[in-house]
A.B. asks: 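Let me give you the structure first, and then I'll get to my questions.
The structure presented is a predicted model; accordingly, all values stated were derived computationally and were not measured. The sequence lines fix the lettering, A, B, ..., with proteins before strands; numbering per chain opens at 1.
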Amino acid sequence: MKPLLHAEFRRLLATRLWPTTLLVAALLGGGLVGVLAFAGPENFQPPMPGVHTEAGVRTVLGFLGFTSFVPAAIGTLAVTSEYRHRTIDCTFLFAPDRWRVLAAKLVTYGVAGMVYGLVLSATAAVALFGAAAARGVRLGLPAGTVIELLARVGVAMAAYTVLGVGMGALIRHQIAALCVVIGYLYGGELLLLMIPGVRELYPWLPGGATAALTDFTAVADALAEQQSSSPVHLLPPLAGALVMLGYAVLASTAAMVKPMRRDVA
Amino acid sequence: MSDIEVRNLTKTYGTVTAVDDLSFAVRPGTVTAFLGPNGAGKTTTMRMMIEHVVPTSGSVTIGGRRYREIPHPTTMVGAVFDSSFHPRHSARDHLRIYAAMGGYPDRRVEELLDLLGLAESARRRTGGFSTGMRQRLNLATALLGDPRVLLLDEPGNGLDPEGMAWLRSLLRDLAADGRVVLVSSHALSEVQQVADEVVVIRKGRLLAAGPLRELLGTARAVLVRSPDAAELGRLLRRSTHPVEATGPQDLRVRGLDPAQVGDLAAAHGLRVHGLASEHSSLEQLFLDLTGDRTCA
Ligand SMILES: Nc1ncnc2c1ncn2[C@@H]1O[C@H](COP(=O)(O)OP(=O)(O)OP(=O)(O)O)[C@@H](O)[C@H]1O
Ligand SMILES: [Mg+2]
């Protein structure tokens, strides 16, 4: 297993994709949160609660949740680019136990996803606290809570990276895998929720699990409102994280049952 | 201990039988040419050797084991198929990734870059590599583990004459070290200069296998020019010798030497204007074995 991990880290670091991804993390974290917090959400059209309120801080941090497509895409590419460039031939020659190849990628990209999440959250923290200090605004949430929420966003990013790896292994085709993963994140799940009864499953769906993990409950609140029934109860944060990992394991296991075993020719 | 044994190997894709009950063995210390026309099943057979393709039936073992059962498989087997590199990786990146995967030191990467003449291009991205450079990088990857067995699927594809000469001497050296070297090709004239053994297949079936010299011996033909070619041809066919009419006055006869053909013609009062022993070539052997041109 160690040689495979060594190889996967070398592969990850060999191109400019990785430093570029971290730059994107900093731009999304520091940039997005910085712009929102400096300009003040209350000055937007339509106006949103300012960062001096709890709702305001949560909204600003909530935007970070929408960027999960980046780590998801990076994870997906980990497997699909090997099929696309046909390096998978060589990889399976060196590591004929194909599940080991997938396991090494899951671990490597789990770590990569954490680093991504760390950069995203750390730059966001700097931007948020910096903006508050510069504008002389007192944040609507205690610093400890903000940091905890940001850490949870970071963990969610790692979970999406690993989920991407699993989906990439399952679908194998680069464009198709990206379409499925990103399509689901932006719309797929909301469409699914329109089916009667599926709403009850929301806490267990990736979006619901992410909401539990990041404590960003806009969708859950909207669901409760729209159907004017009992509020949707999200899972505890840790359970949300485990559900996300569960999806990654499920996708990877399904990948090992068939797609990863197929002939490479 | 590194022989390749192919036993009753069959692979079907839907209604297409790519490999059909194929059996042969490849021995160490020789360069074995794996020949067949396009679509004969060479690539499929070689991919089954490393379990990239799962056989429909039959088996392949290398040194008595299935590929997956070989401990540290890349110290045993190196393989070259269509070049497959990440276009944004440099040659060195590519080799370092697989050196790590095989557990080989980075020193080995530098050795191979030198051995294969890639040292100067080591930092360039493979996306911009020429065909020859890609083939060299392919070979370098296959050689990382200093394997006992080399499976090379058309390694000469796209090489210029100089590159081919270099490849031939490399293959010679590798075989001289006692390795198994299996090279598929349809560039027959090029393989002829390096192969000790040949395995010829068509439509997934074995046509011939054995030492190249012996196969060329049996395939030697006599070229006859005669105004009575039609009559002579009938005569030869009646004595069950394979004859091919290559022109109105020309015949190509196998299984007899020039003296025997001349005597036969004289005995029947037929004129012979020219008689020559054909320069035997693998090209011709190949056509005789795989083509339908010969009328027996
Ligand atoms: N993945 C596949 N799916 C369907 N048919 C296939 C597949 N791979 C090979 N075939 C078929 O199997 C047969 C043998 O193909 P193969 O590539 O092994 O031949 P080859 O001897 O390597 O040919 P070439 O000299 O052109 O490389 C062909 O008819 C081919 O179309
Ligand atoms: Mg082929």
A.B. asks: I'd like to know which of Leu4(A), Leu5(A), Leu93(A) tops the heavy-atom pair count under 4.5 Å against chain B.
C.D. replies: Leu93(A)

A.B. asks: Just by distance, do the side chain of Ser84(B) and the backbone of Arg86(A) share a donor-acceptor pair under 3.5 Å?
C.D. replies: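 Side chain of Ser84(B) to backbone of Arg86(A), a donor-acceptor pair under 3.5 Å: yes, one is there.
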
A.B. asks: OH of Tyr13(B): more than 12 outside heavy atoms within 6.0 angstrom?
C.D. replies: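 Enclosed.
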
A.B. asks: Chain A heavy atoms under 4.5 Å from Leu144(B): which part of the residue, side chain, backbone, both or neither?
C.D. replies: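 Contact with chain A is through the side chain of Leu144(B) alone.
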
A.B. asks: With a 4.5 Å cut-off on side-chain heavy atoms, are Leu17(A) and Arg88(B) touching?
C.D. replies: no

A.B. asks: Is any side-chain heavy atom of Cys90(A) less than 4.5 Å from a side-chain heavy atom of Thr141(B)?
C.D. replies: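 Side-chain contact under 4.5 Å: yes.
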
A.B. asks: State whether the number of non-hydrogen atoms from other residues, nucleotides or ligands found under 6.0 Å of Met114(A) atom CE is greater than 12.
C.D. replies: no

A.B. asks: Do Arg11(A) and His94(B) come close enough that some side-chain heavy atom pair is under 4.5 Å?
C.D. replies: no

A.B. asks: Could you walk me through whether His89(B) and Thr87(A) satisfy the side-chain contact (heavy atoms from CB on, under 4.5 Å) test, starting with their C-alpha distance in whole Å, then the side-chain angles of each, then the deciding distance to 0.1 Å, before giving a yes or no?
C.D. replies: CA-CA 11 Å; His89(B) 287 171; Thr87(A) 49; over 6 Å; no

A.B. asks: Mind checking whether Phe92(A) and His52(B) have side chains closer than 4.5 Å, heavy atoms only?
C.D. replies: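 With C-beta onward as the side chain, the pair touches.
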
A.B. asks: Among the options Val54(B), Val77(B), Thr43(B), pick out the one with the most heavy-atom pairs lying under 4.5 Å from chain A.
C.D. replies: Val54(B)

A.B. asks: Relative to the ring of Tyr98(B), is the ring of Phe94(A) parallel (under 30°), tilted (30 to 60°) or perpendicular (over 60°)?
C.D. replies: tilted

A.B. asks: Checking heavy atoms, do the side chain of Arg84(A), its backbone, both or neither come under 4.5 Å from chain B?
C.D. replies: neither

A.B. asks: Between His6(A), Glu8(A), Lys2(A), which shows the greatest number of heavy-atom pairs under 4.5 Å with chain B?
C.D. replies: His6(A)

A.B. asks: Less than 4.5 Å apart, side chain to side chain, heavy atoms only: is that true for Arg68(B) and Pro96(A)?
C.D. replies: yes

A.B. asks: Taking everything shown except Arg205(B) itself, do over 12 heavy atoms lie less than 6.0 Å from its CZ?
C.D. replies: no

A.B. asks: Taking NZ, NE, NH1 and NH2 as the nitrogens, is one of them in Asp93(B) or Arg10(A) under 4.0 Å from a carboxylate oxygen of the other?
C.D. replies: no

A.B. asks: Of all of Thr15(A), Asp97(A), Thr91(A), Leu13(A), which one pairs up most often with chain B through heavy atoms under 4.5 Å apart?
C.D. replies: Thr91(A)

A.B. asks: Report which part of Arg96(B) has an atom under 4.5 Å of a heavy atom belonging to chain A: side chain, backbone, both, or neither.
C.D. replies: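 Contact with chain A is through both the backbone and side chain of Arg96(B).
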
A.B. asks: Looking only at heavy atoms, which two atoms of Ala100(B) and Pro3(A) are closest? And how far apart?
C.D. replies: O-CB, 3.3 Å

A.B. asks: Does Trp204(A), at its CH2 atom, have more than 12 non-hydrogen atoms belonging to other residues, nucleotides or ligands within less than 6.0 Å?
C.D. replies: no

A.B. asks: Looking at Lys11(B) and Asp263(A), does any basic side-chain N land under 4.0 Å from a carboxylate oxygen?
C.D. replies: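 Counted as a salt bridge, because a side-chain N and a carboxylate O are separated by less than 4.0 Å.
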
A.B. asks: Identify which part of Ile97(B) has an atom lying under 4.5 Å from any heavy atom of chain A, answering side chain, backbone, both or neither.
C.D. replies: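 Both parts, backbone and side chain.
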
A.B. asks: Go through the atoms of Arg125(B) and report whether side chain, backbone, both or neither lie under 4.5 Å from a heavy atom of chain A.
C.D. replies: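 Only the side chain of Arg125(B) comes within 4.5 Å of chain A.
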
